[in-house]
Amino acid sequence: EAQVTQNPRYLITVTGKKLTVTCSQNMNHEYMSWYRQDPGLGLRQIYYSMNVEVTDKGDVPEGYKVSRKEKRNFPLILESPSPNQTSLYFCASSLSGGIRGKSEAFFGQGTRLTVV
Amino acid sequence: LAKTTQPISMDSYEGQEVNITCSHNNIATNDYITWYQQFPSQGPRFIIQGYKTKVTNEVASLFIPADRKSSTLSLPRVSLSDTAVYYCLVGPLGSGYALNFGKGTSLLVTP
């Protein structure tokens, strides 16, 4: 089954304690992205990757790091989490070329992060 | 990427047809129109995509007029489970690495 898998689904942590949210896709997609979703602000892109070892900042990259060492994995790293990073996070993947009529992004189930 | 405008919210009763219109005046020649659905605390899910005229699948229909400056997502005979946020996105094929979701339209279906 084609899917994007995020772990963990829920995480409560303390300020300053480094954490990693993993994301893996089994569709051989070139593109992968991370978004955060906050009430009233919608979905905002944090980082994206267009292929292995190719990453770039999205709209809200401050406080986050990513890496793309393998095509299937795109972990999100919070080196020193702060309460303002409490949010719902989504990982997504998609094909680079796009297929007419069905060029879509697939999203993970989400990770609800609380930083206290 | 072209900016889109959609209603913030809509209400409907079960069994009715719901039409959500999206305005995208600055759509480019190579842009496609894509709609996503998002349930609370879940990731967005692709519904339908089109370039012009009409596209239909098992879930919805998408109507695009000749000038392509707007589009309408049509959900036939909605049920309570169609309560969700619907996003209209405009961009070229293969732009999935940077999706601009905007605020979307929150659809509430009631009995």
Side-chain angles (χ1 to χ4, degrees), chain A residues 2-6 9-10 23 25 27 29-51 54-59 61 66 68 74 87-113, chain B residues 1 3-9 22 28-62 64 71 73 84-106:
Chain A
Q3 59 185 3
V4 177
T5 303
Q6 293 179 228
R9 293 290 311 278
Y10 302 91
C23 174
Q25 50 96 2
M27 295 165 280
H29 286 168
E30 292 83 9
Y31 293 165
M32 296 187 75
S33 304
W34 275 102
Y35 296 82
R36 63 177 289 175
Q37 187 167 34
D38 304 288
L41 297 176
L43 281 152
R44 295 179 292 168
Q45 191 179 49
I46 304 170
Y47 268 94
Y48 64 91
S49 169
M50 299 180 79
N51 216 322
V54 180
T55 63
D56 208 346
K57 297 177 180 178
D59 300 317
V66 292
R68 188 93 181 271
F74 190 45
S87 186
L88 179 58
Y89 292 86
F90 292 104
C91 178
S93 74
S94 60
L95 286 170
S96 60
I99 301 172
R100 185 185 177 118
K102 201 168 172 61
S103 177
E104 63 185 285
F106 292 80
F107 284 77
Q109 327 92 296
T111 296
R112 188 168 292 282
L113 173 66
Chain B
L1 298 173
K3 178 177 164 59
T4 60
T5 303
Q6 351 173 187
I8 295 294
S9 64
C22 178
T29 304
N30 61 340
D31 284 345
Y32 281 69
I33 299 148
T34 309
W35 286 80
Y36 285 81
Q37 174 193 55
Q38 185 181 26
F39 298 115
S41 297
Q42 293 187 27
R45 181 177 75 104
F46 174 93
I47 301 176
I48 197 165
Q49 183 178 74
Y51 184 80
K52 61 180 179 181
T53 62
K54 177 183 174 182
V55 180
T56 297
N57 62 23
E58 63 279 4
V59 176
S61 293
L62 178 59
I64 307 167
S71 59
L73 174 73
V85 178
Y86 293 83
Y87 298 94
C88 165
L89 284 76
V90 171
L93 288 182
S95 61
Y97 63 91
L99 300 174
N100 183 3
F101 279 88
K103 299 293 175 64
T105 297
S106 180

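In what follows, every chain begins at residue 1, and chains take the letters A, B, ... in the order their sequences are listed. All values reported here derive from a predicted model rather than from experimental measurement.
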Next item on the list: Over all heavy atoms of both residues, which pair between A:Arg112 and B:Ser41 is shortest? Give the atoms and the distance, please.
Entry: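 Minimum heavy-atom separation between A:Arg112 and B:Ser41: NH2-OG, 3.1 Å.
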Notebook entry, point to check: What's the shortest heavy-atom distance between B:Gln38 and A:Leu43, and which atoms?
Noted result: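 The answer is OE1-CD1, 4.1 Å.
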Checklist line | Test item: A:Tyr35 side-chain N/O and B:Gly43 main-chain N/O as donor-acceptor pair under 3.5 Å | finding: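 No; zero donor-acceptor contacts below 3.5 Å.
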Note to self: Working to the nearest 0.5 angstrom, can you tell me the gap between A:Glu104 CD and B:Tyr36 OH?
What the structure shows: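 Here the interatomic distance stands at 6.5 Å.
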Check: CZ of B:Phe46 to CZ of A:Phe107: how many Å apart, nearest 0.5 Å?
Finding: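 Nearest 0.5 Å value for the CZ-CZ distance: 12.0 Å.
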Portion of [X] that has a non-hydrogen atom of chain B nearer than 4.5 angstrom:
X	answer
A:Arg44	neither
A:Gln45	side chain
A:Gln37	side chain

